[in-house]
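See structure below.
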Amino acid sequence: MNRRELLQALAAAGLGHLALPARAQAQATDAGGNPLAIPPVSPKARVIVVGGGMAGATVCKYLRMWGDAIDVTLVERNAIYRTCILSSELLTGARNMASLSFNYNALRNRYGVRVVASAVTEVDPVAASVRLADGRTLSADRLVLAPGIEFDAMPGLSDQNLMPHAWQGGAQVATLARQLAAMPTNGTMVLTIPPTPYRCPPGPYERACAIADWMKRHKPGARLVVLDANPDFVTQKDNFSNAFFDLHSQVIEYHTNVAISFADQAQMTLHTSIGQIRGDVINLIRRQRASGIVRRAGLATATSNRFAPVDVLSYASTVAPRVHVIGDSSATTQPKAGHIANQEAKVCADALARIFGGGQPDPQPVTNSACYSTITATQASWLTAVFQYDPVSRTMVPAPDSSAASVGWDSEHFEEMKEWFDALMADSFA
Ligand SMILES: Cc1cc2nc3c(=O)[nH]c(=O)nc-3n(C[C@H](O)[C@H](O)[C@H](O)COP(=O)(O)OP(=O)(O)OC[C@H]3O[C@@H](n4cnc5c(N)ncnc54)[C@H](O)[C@@H]3O)c2cc1C
């Protein structure tokens, strides 16, 4: 899909005004307002991208599209990417795993990305090199790290499958779906929400709504206990509080400020600050941090709350200028979301194309975020924001009057959600 087709697809989804790729939105201009020409890219420039998820796949594609001569190698440990976006629909049986699965054929064949199927075990941020699980070392002019998140350990939990987080796509989501299907009618499911920052702020509330709606039809009498580590709904308070306390109030029991200290996996019980809570199914979404390869390389600093601080003009690490960190591993003021990961990737690709050509990153990047939440099996709400660079704080801040959320939820938004998902995934993987 080219830029025009992407915009058409997103326009069809009612999101065209939000979807301009970062480069098209933020062309640098001279003092007279004329676009600056981007010098040709050095044919020798080499980039290694680690992680082929929402951020990594997108940056590979756009590095090749916008910096045609840049040599791009993607190191990805899995042959197939399985997204957790819309995974609520897999939990309720409305979607299968194939519809959430994406391969790297287009990156390889259409865009000329070299795809290495391996895991990176170590990053050398000074040499800009990576060590692979098979013992090889690869080096480049720049590294782009996009390996996503990891989870804190939970005392008592040695077998994650007994209390899956299902917060990365694939196997754990399938496990949770099986556990839900096997749950007794009248049973209890417990869903925990970690402290911020975590991946996909509305995600846990969305999952709770989708499962509560499904329980009404498939597990009458079942309860869903939601234990939120945060003092209140982290986002979309109006919609989620209406859904929790009205629409799904017979099913959802919501507790805030809950700390979890121990998981007794034999008894399927959580020890929490409000007492011991047992569940037939426990979806333990644990506290999150940048992937281990990012932290072991010293890129996540003590002050950046477990994620890697970056210069948001290029996503270069603030402690290792030859290493860029995009997606959920980076610490920015933008939400940890697939749509934002796609946008950060484009800003990074544009900056690298300019830097390799002897120029500077665009001084005024703009990004946008969109998120749909299924409230019932056929109805969704949405939330969106546009972010722009603030040269004073050197962070991305919400553009004036750009944040919006749907008032309530309906089936039209649900249909738009599917178009938005298809367009976003195509922009990243096709
Ligand atoms: C239930 C749920 C619903 C969501 N819904 C939405 C939504 O509606 N909208 C939205 O915008 N976002 C949504 N998100 C968030 C979105 O999925 C993430 O923010 C996004 O996937 C982050 O992209 P990423 O590239 O940083 O990480 P990922 O997409 O997780 O990709 C990381 C990649 O790196 C690879 N990798 C990791 N370590 C290594 C290594 N050492 N070596 C090689 N490869 C490695 C992994 O295999 C993976 O392919 C949702 C998330 C969840 C859990």
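Order of appearance sets the numbers: ligands from 1, and atoms from 1 within every ligand.
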Study note, to complete from the structure: If we number the atoms of ligand 1 from 1 as shown, the ones under 4.0 Å from a heavy atom of Val120 are 40 (C), 41 (N), 42 (N), 43 (C)
**Study point:** Lys61 side chain to Asp427 backbone, donor-acceptor under 3.5 Å
**Key:** yes
Revision key, fill the gap. Taking only non-hydrogen atoms of Gly327 and a 4.0 Å limit, the atoms of ligand 1 in range are 26 (O)
**Study point:** Check: Tyr104 ring centroid to Tyr81 ring centroid under 6.0 Å
**Key:** no
Point to revise | Proximity to ligand 1 by part of Ile340, non-hydrogen separation under 4.0 Å | key: neither
Review point. Is the shortest distance from a heavy atom of Trp420 to ligand 1 less than 4.0 Å?
Key: yes
Check your understanding: For atom CZ of Arg394, is the number of surrounding heavy atoms from other residues, nucleotides or ligands below 6.0 Å larger than 12?
Key -> no
Review point. So is Gly338 close enough to ligand 1, meaning a heavy atom under 4.0 angstrom away?
Key: yes
Point to revise | Min N/O separation Ser87 to ligand 1 under 3.5 Å | key: no
Point to revise | Whether Asn239 side chain and Ser406 backbone form a donor-acceptor pair below 3.5 Å | key: yes
Review point. Looking only at N/O atoms, are Met54 and ligand 1 under 3.5 Å apart anywhere?
Key: yes
Study note, to complete from the structure: atom 25 (O) of ligand 1 sits nearest the protein heavy atom Ala55 N, 2.9 Å
Review point. Between Tyr372 and Phe421, does the ring centroid distance fall short of 6.0 Å?
Key: no
Check your understanding: With distance as the sole test, does Asp311 use its side chain to make a donor-acceptor pair with the main-chain N or O of Leu313 at under 3.5 Å?
Key -> yes
Revision key, fill the gap. Nearest non-hydrogen protein atom to atom 30 (O) of ligand 1, with distance, is Arg199 NH2, 2.8 Å
Review point. Which atoms of ligand 1 are found less than 4.0 Å from any heavy atom of Lys336?
Key: 19 (O)
**Study point:** Residues Gln334, Thr367; criterion side chain to side chain donor-acceptor pair (under 3.5 Å); working and verdict
**Key:** CA-CA 9 Å; Gln334 300 156 114; Thr367 58; 2.7 Å; yes
Check your understanding: Between Lys346 and Asp350, is the closest basic N to carboxylate O distance under 4.0 Å?
Key -> no
Check your understanding: Are any of the heavy atoms in Thr83 under 4.0 Å away from ligand 1?
Key -> no
Review point. Would Thr384 and Cys371 count as a side chain to side chain contact (heavy atoms under 4.5 Å, CB included) if you check the C-alpha gap in whole Å, the side-chain angles of each, and the deciding distance to 0.1 Å?
Key: CA-CA 6 Å; Thr384 185; Cys371 194; over 6 Å; no
Review point. By number and element, which atoms of ligand 1 are closer than 4.0 Å to a non-hydrogen atom of Ser118?
Key: 43 (C)
Study note, to complete from the structure: Near Tyr81 (heavy-atom distance under 4.0 Å), the atoms of ligand 1 are 21 (O), 28 (P), 29 (O), 31 (O), 49 (O)
Practice item. Taking atom CG of Asn109 as the centre, report whether more than 12 heavy atoms of other residues, nucleotides or ligands fall under 6.0 Å from it. Key: yes
Check your understanding: Which protein non-hydrogen atom lies closest to atom 17 (O) of ligand 1, naming both residue and atom, and how far is it?
Key -> Cys84 SG, 3.5 Å
Check your understanding: Are more than 12 heavy atoms from other residues, nucleotides or ligands located less than 6.0 Å from atom CD of Glu412?
Key -> no
Check your understanding: Which is it for Gln168 and ligand 1 at heavy atoms under 4.0 Å: side chain, backbone, both or neither?
Key -> neither
Point to revise | Protein residue, atom and distance nearest to atom 31 (O) of ligand 1, heavy-atom basis | key: Gly53 CA, 3.2 Å
Review point. Can you tell me which residue and heavy atom of the protein come closest to atom 18 (C) of ligand 1, and the distance to 0.1 Å?
Key: Asp328 OD2, 3.3 Å
Exercise for review: Specify side chain, backbone, both or neither for Pro202, according to which of its non-hydrogen atoms lie closer than 4.0 Å to ligand 1.
Suggested key: neither
Point to revise | Sub-3.5 Å N/O-N/O distance, Arg77 and ligand 1 | key: yes
Exercise for review: Within a distance under 4.0 Å of any heavy atom of Arg207, pick out the atoms of ligand 1 and give their elements.
Suggested key: 1 (C)
Point to revise | Heavy atom of the protein closest to atom 47 (O) of ligand 1 (residue, atom name, distance) | key: Glu76 OE2, 2.7 Å
Check your understanding: Strictly under 4.0 Å, does any heavy atom of Gly169 approach an atom of ligand 1?
Key -> no
Review point. Which is it for Glu122 and Arg296 under the salt bridge (charged side-chain N to carboxylate O under 4.0 Å, His left out) test, yes or no, and what are the steps along the way?
Key: CA-CA 8 Å; Glu122 208 179 308; Arg296 286 195 299 279; over 6 Å; no
Check your understanding: Identify the closest protein heavy atom to atom 34 (O) of ligand 1: which residue and atom is it, and at what distance?
Key -> Gly51 CA, 3.2 Å
Check your understanding: Are His271 and Phe262 near enough that their ring centres are under 6.0 Å apart?
Key -> yes
Check your understanding: What protein heavy atom sits nearest atom 5 (N) of ligand 1, and how far off is it?
Key -> Cys200 SG, 3.4 Å
Review point. How about Ser428 and Thr58: does a side-chain donor come under 3.5 Å of a side-chain acceptor?
Key: yes
Point to revise | Proximal atoms of ligand 1 relative to Val75 (non-hydrogen, under 4.0 Å) | key: 43 (C), 44 (N)
Point to revise | Geometric N/O contact Trp167 with ligand 1, under 3.5 angstrom | key: no
Check your understanding: Would Gln236 and Ser381 count as having a side-chain donor-acceptor pair, cut-off 3.5 Å?
Key -> yes
**Study point:** Electrostatic pair Arg286-Asp152, nearest N-O below 4.0 angstrom
**Key:** no
Review point. Any idea which atoms of ligand 1 are less than 4.0 Å away from a heavy-atom of Pro147?
Key: 32 (C), 34 (O), 37 (C), 38 (N)
